[in-house]
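All chains are named by letter (A, B, ...) in the order of the sequence lines, taking the proteins before the strands, and each is independently numbered beginning at 1.
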Amino acid sequence: MSRYDPSQIEPKWRTAWEEAQVFQARHDPARPKYYVLEMFPYPSGRIHMGHVRNYTMGDVVARYKMSCGFSVLHPMGWDAFGMPAENAAMERGGHPKDWTYANIADMRDQLKPLGLSIDWSREFATCDPEYYGQQQAMFLDMLDAGLIYRKSAQVNWDPVDMTVLANEQVIDGRGWRSGALVERRELTQWFFRISDYSSELLEALDGLKDWPEKVRTMQANWIGRSQGLQFAFTTVGAPEEFDRIEVYTTRPDTLLGASFCAISPDHPLARHLERHDPKVAEFVAECRRIGTSEEALEKAEKKGLDTGIRVLHPLDNAWELPVYIANFILMDYGTGAIFGCPAHDQRDFDFATKYGLPIEAVFEAAENPAPLTEAFVPMKSEPVRYVRGFAGEAVQTGEAAVAAAIAFCEENGIGRGVTNYRLRDWGLSRQRYWGCPIPVVHCPDCGVVPEKKENLPIRLPDDVTFDQPGNPLDRHPSWRDCTCPRCGAAARRETDTMDTFVDSSWYYARFTAPRATTPTDRAEADYWMNVDQYIGGIEHAILHLLYSRFFARAMVKTGHLPAKAAEPFDALFTQGMVTHEIYMTRDAAGRPVYHLPEDVTDGKLADGTPVEVIPSAKMSKSKKNVVDPVNIIRDFGADTARWFMLSDSPPERDVEWTASGAEAASKFLARVWRLAHETAEGAGGAGGPADAALEKAIHKGIDEITRAIDGFAFNKAVAKVYELTNTFARSDASNAARRAAMRIMAQLMAPMVPHLAEDIWTMLGGEGLVVNAPWPKADPALLVEDEVTLPIQINGKKRGEISVPRDMDKAGVEAAVLADPAVQKVLNGAAPKKLIVVPGRIVNVVV
RNA sequence: GCGGGUGUGGCGAAAUGGUAGACGCGAGGGACUCAAACUCCCUUUCCGCAAGGAGUGUCGGUUCGAGUCCGACCACCCGCACCA
């Protein structure tokens, strides 16, 4: 064989790796460990380019660390519970279990040809009873530890399909299948007490040095710590038991700008009024139709209803404010009631304008105050002049004024300073079949009773159908009926299952001992935790990563993880999406028709119809801008797919898939293979100084590529490999020097294109498998240059350059610069105003 | 609406506050070939014949020097608690 043929090479090396069991993670106390984890996939049935990119990046890290002498854990599993399986069962028939396991088998078959360094012996799916049974055991421990409780919460209810809808299933306030107007309903549901950990989860973010700053910022904002004042309004004309309304404010300094009090439609007072006043009932019902997502509430038009009730201003009892029920007040945040200060909050300003309420400025700009045409909301750190202040200086910052206002209110018995968090408890109940059953029983005598651990796993029944609306567990003839684990009386099993975020909140821990008969194995967790490098999409920046951080703490508390694993992910990397152009034509009615990239050549369909090209967007089935990795691997090989996914774009940014880019990647790999082949056949030049130059280039390459991989700059590593290859191809080095150089190139490329690297390694007489070869080390002596080129700037613009010895002192450089003809011409005999010499970098002459 | 991010040639991009455009794609020219494919070599930010000038989303600022730092704005992307 004398040409690069991935279809021959790739299966051969995968077999070799498998036979040598090189990817099996070994608990070896003598060696340092390294745990690389990519976010596990949902088994949709097809892998996509996003998977290829994600898993290739993880594979580069895993293989590189392996070469550096670490005992590497690089596992793979399946986030296998969730709605799509039930939707498939409803739409196409069949069983979610069959659908899911068939998808897993398909995806595993598609993934394996990529040649990932995965320890497949640790594979599991979250829908395996062996996995979710252990999750149930932890649920019981966490329930026992007071980390889980029940309370009433709201869900989206589809009155036609008689089912609970996910937020994504609510489109413009209507159910996605039925089209019926969605209502809010209350159900008693299970919750994790994540909010007990608010301050800890917030403060521990500072320790996550190897997480992206943006993710830590997003989490900090999500947790949302605020300092404020809680106080009570005394009511006038309110029903009995509602003589006070507790409110929370982060701006107590604006108390004298209050013009109304607003309560949530779910506030107890609103609920009370709803039962007696049809107008309130109608308004509250309208509010509930907005849905449960914060996004929908925030985007909805701000509306309120005057209840007729009044409250007394706490600083002036002669001053009454109206009480509104307002659709934008969240019951979950603070006390579910606020006072509105229209002058200094845009939403309150809009509300006051709409309902004709007074707008009184509390403070104005310290300089050049302007009349209010919109809310005046300066930074809290900016000093302003208080015209209706009641505590602190007349001119002070918002921060100082808030502190002074809280102190004043505490001294005068008006209220107290409190710390509040935006983070709400994590509702884990789902009214669905395809999830982990919550292991409790409802007994008429004993109430809610935890299942006994020896009865776990509580398995999902297989004999269910999806031809009727609602949760099949609710109407299962026998599964739901059981006996009380405490008194033995007839009882009902809990039919809610767990949020799939629970499944993904501890899978990383399970990988350390996937077959253990307890959730984790202490010795294995001690050795392998924490995850040294976690890789996944930025879309998981908040929920999945925050829930996992909480769950690890809950596992520590219940003895399932060592204390060191409270923060489970030491380093996090968030990779960008894979995008592609969109090809579109229009049908007779003018509606868009999308076309697969493989059906488009040179901007035309097979029949010659030109297509409209829409700029790249995230690959999605609906826009048909998808490229199937299976086809790419079949046509070009896995190494080409891997190489292209790593080249061009920085890993954290989106990468555009282009057919020409894939071809170029393939051509380049063929070129490297050819150069290696020629070298193996004895090709070589004169040698001599060329040998030394090539050796120097190789060591520079080792240095640069190693640093690029360490820094997650795979695109730069690829660029350096190109450079090195160009140098190699042009070199006049002897065959011996070329052989040595090419072996090192094989090692440097091995994490990225492992099959090709093995082939080259063997071709050039490398010992054993390149995957087992230790990472090459750059010789520092070969990295230094004797001469440096210094650009000369005149007034900041580059006007020339000089070459000087590397260690020339400043005075020498200055003299050389002043002697430069271009500089002399500009100076025209005069002395420069300033001469800036940055050693080894640049010279700037200011004239 | 709120929170976070991104923006540099025809395209993907590179650049510890120090030569803007490394490397690759595409395009153009050439060599090889009967011809083509493959391969190899050269050119390629824009304006300009050139000298030279302009240029990193827009506007302003700090600095000897700004793609990089600061402020305002625009566009797009991610998240918003039951998609995973």
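- Within the 4.0 angstrom heavy-atom criterion, no nucleotide atom of any strand lies near A:R347.
- Nucleic acid contact for A:V846: sugar-phosphate only, since backbone atoms but no base atoms lie under 4.0 Å from a heavy atom of the residue.
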Identify each donor-acceptor pair in which a side-chain atom of residues 538-547 of chain A lies under 3.5 Å from a protein atom, sequence neighbours left out, and give them as a table.
unit_1	atom_1	unit_2	atom_2	d
A:H544	NE2	A:Y534	OH	2.7

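- Glycosidic conformation of B:rG10: anti, with the torsion beyond 90° of 0.
- Ion pairing of A:D332 with A:R422 is absent here, as no side-chain N (NZ or NE/NH1/NH2) approaches a carboxylate O to less than 4.0 Å.
- The partner of B:rU19, taking Watson-Crick or G-U wobble pairs whose two distances both stay under 3.5 Å, does not exist in any strand shown.
- Between A:R177 and A:D158, no side-chain nitrogen of the basic residue sits less than 4.0 Å from a carboxylate oxygen of the acidic one, so the salt-bridge criterion is not met.
- Close approach of RNA chain B to chain A, defined as any atom under 4.0 Å from a non-hydrogen atom of the protein, starts and stops at B:rG1 to B:rA84.
- The nearest heavy atom of RNA chain B to A:K214 and to A:T789 marks one nucleotide each, and the one closer to the 5' end goes with A:K214.
- The residue A:A541 sits apart from the nucleic acid: no heavy atom pair falls under 4.0 Å.
- For B:rU39, the paired nucleotide is B:rA31, the pair qualifying as Watson-Crick or G-U wobble because both relevant distances are below 3.5 Å.
- The nucleotide B:rC11 finds its pairing partner in B:rG24, both defining distances of the Watson-Crick or G-U wobble pair being shorter than 3.5 Å.
- Note on A:G537: nothing from the nucleic acid sits closer than 4.0 angstrom, heavy atoms only.
- Under the Watson-Crick and G-U wobble criteria, each requiring two contacts below 3.5 Å, nucleotide B:rU62 is left unpaired.
- Where A:V215 and A:F501 each meet RNA chain B at their nearest nucleotide, the meeting point lying more 5' is that of A:V215.
- Using a 4.0 Å heavy-atom distance criterion, A:K716 is classed as a sugar-phosphate-only contact.
- Among the atoms of the strands shown, only primed sugar atoms or phosphate atoms (P, OP1, OP2) are found under 4.0 Å from some heavy atom of A:N221.
- Under the 4.0 Å criterion applied to side-chain N and carboxylate O atoms, A:R216 and A:E213 are assigned as salt-bridge partners.
- Contact check on A:E298 versus A:R347 returns a salt bridge, with a Lys/Arg side-chain nitrogen under 4.0 Å from an Asp/Glu carboxylate oxygen.
- Base pairing annotation: B:rC2 forms a Watson-Crick or G-U wobble pair with B:rG79, both donor-acceptor distances under 3.5 Å.
- No salt bridge links A:K700 with A:E723; every basic N to acidic carboxylate O contact stays at or beyond 4.0 Å.
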